[in-house]
Amino acid sequence: MDQGIVRNNKSLNRYELDADGATAFADYRLAPGKVIITHTETPRPLRGRGIASKLVQGALEQIRADGLKVVAGCGFVVDYLEKHPEFADVAA
């Protein structure tokens, strides 16, 4: 499985992760001190392989490193935060 690293595509307001020639992404919008993740999408051929989880983990690590908080505006991120208490400090 060919996976890259999560990058913040600021021009499109989304975090991206390339895998096997496709790109999973998490759209966001910014608010003062916060990143609101509004939608995550994983291309069909990549589903069921943990790609979305790796994407969200990488996004949360970057948000933490930037000293910001995350607002989970989509169900996948809500579920991820519930399952990963190690990111409780990042949740707004």
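Sequential numbering from 1 along the given sequence is applied to the chain's residues.
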How would you list, by chain and number, every residue that makes a ring pair (Phe, Tyr, Trp, His ring centres under 6.0 Å) with Phe87, sequence neighbours excluded?
none

Results of ring pair (Phe, Tyr, Trp, His ring centres under 6.0 Å) for His84 - residues two or more places apart only:
Tyr80

Does one side chain, of [X] or [Y], offer a donor that lies under 3.5 Å from an acceptor on the other?
X     : Y     : result
Glu16 : Asn9  : yes
Asp18 : Thr23 : yes
Tyr28 : Asn8  : yes

Could you go through Lys34 and Leu68, starting from their C-alpha distance and side-chain angles, then the distance that decides it, and tell me whether this counts as side-chain contact (heavy atoms from CB on, under 4.5 Å)?
CA-CA 5 Å; Lys34 296 180 182 137; Leu68 302 172; over 6 Å; no

Connected via hydrophobic side-chain network under 4.5 Å: [X] and [Y]:
X     : Y     : result
Leu60 : Leu30 : yes
Val6  : Val90 : yes
Ile63 : Leu12 : no
Leu46 : Val56 : yes

Distance, nearest 0.5 Å, that separates CD of Glu41 from CZ of Arg44:
9.5 Å

With rounding to the nearest 0.5 angstrom, report the CG to CZ distance, Leu55 to Phe76.
8.0 Å

Side chain to side chain, [X] and [Y], heavy atoms closer than 4.5 Å:
X     : Y     : answer
Val70 : Leu81 : yes
Val35 : Val71 : no
Leu17 : Gln57 : no
Ile37 : Asp27 : no
Gln62 : Tyr15 : yes

Would a distance-only check, ignoring hydrogens and angles, find a side-chain to backbone donor-acceptor pair under 3.5 Å from Lys54 to Gly4?
yes

Provide the closest heavy-atom pair for Ala31 versus Ile36 in the form atom of the first, atom of the second, distance.
CB-CD1, 3.9 Å

Which atom names give the shortest non-hydrogen contact between Pro43 and Ala24, and what distance separates them?
CD-CA, 3.8 Å

Regarding Lys69 and Asp89, does a basic nitrogen lie under 4.0 Å from an acidic carboxylate oxygen?
no

With a sphere of 6.0 Å drawn around CZ of Arg29, does it hold more than 12 non-hydrogen atoms of other residues, nucleotides or ligands?
no

